[in-house]
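What follows is a single structure, written as structure tokens, with notes after it.
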Amino acid sequence: MFKANVGGLDRILRVIVGLGLIAIVFVGPQTPWGWVGLVPLLTGLFGTCPLYTLLGIRTCPRR
């Protein structure tokens with residue numbers, strides 16, 4: 001559906017940040033804002049970022 005535009009290091013950082021934000025829902029202040037972590041988590045897992053597409057940014061190597 002979407003072409004991959006998120007590179008290796010970017011993907012790893014997105015997954016880590018996403019999991020960290022989701023952890024806020026269960027530990028710490030337990031605020032629903034932690035669910036915002038789903039966005040970086042999913043973009044990291046799927047390797048595509050709609051915002052990168054709009055801005056013309058690409059962090060993965062060209063194939």
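Computed from a predicted structure; not experimentally measured.
Among residues two or more places apart in sequence or in another chain, the side-chain hydrogen bond (donor to acceptor under 3.5 Å, both in side chains) test is passed with Thr43 by Arg14. Considering only residues two or more places apart in sequence or on other chains, Thr59 meets the side chain to side chain contact (heavy atoms under 4.5 Å, CB included) condition with Val6, Asp10, Tyr52, Ile57. With sequence neighbours excluded, the residues that form a side chain to side chain contact (heavy atoms under 4.5 Å, CB included) with Leu19 are Val15, Leu41. Judged as a side chain to side chain contact (heavy atoms under 4.5 Å, CB included), and not counting sequence neighbours, the contacts of Leu51 are Cys49, Leu55.
Among residues at least two apart or in separate chains, there is no salt bridge (Lys or Arg N to Asp or Glu O under 4.0 Å) pair with a member in residues 17-38.
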Would you mind writing out the side-chain donor-acceptor pairs for residues 20-36 within the sub-3.5 Å range, not counting sequence neighbours?
residue, atom, partner, partner atom, Å
Gln30, NE2, Phe26, O, 3.3
Thr31, OG1, Trp33, N, 3.4

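Minimum interatomic distance between Cys60 and Ala4 (heavy atoms only, all atoms of both residues): SG-O, 3.3 Å. Nearest approach of Pro40 to Gly18, heavy atoms of both residues: CG-CA, 3.9 Å.
Distance alone, capped at 3.5 Å, places no donor-acceptor pair between the Thr48 side chain and the Asn5 backbone.
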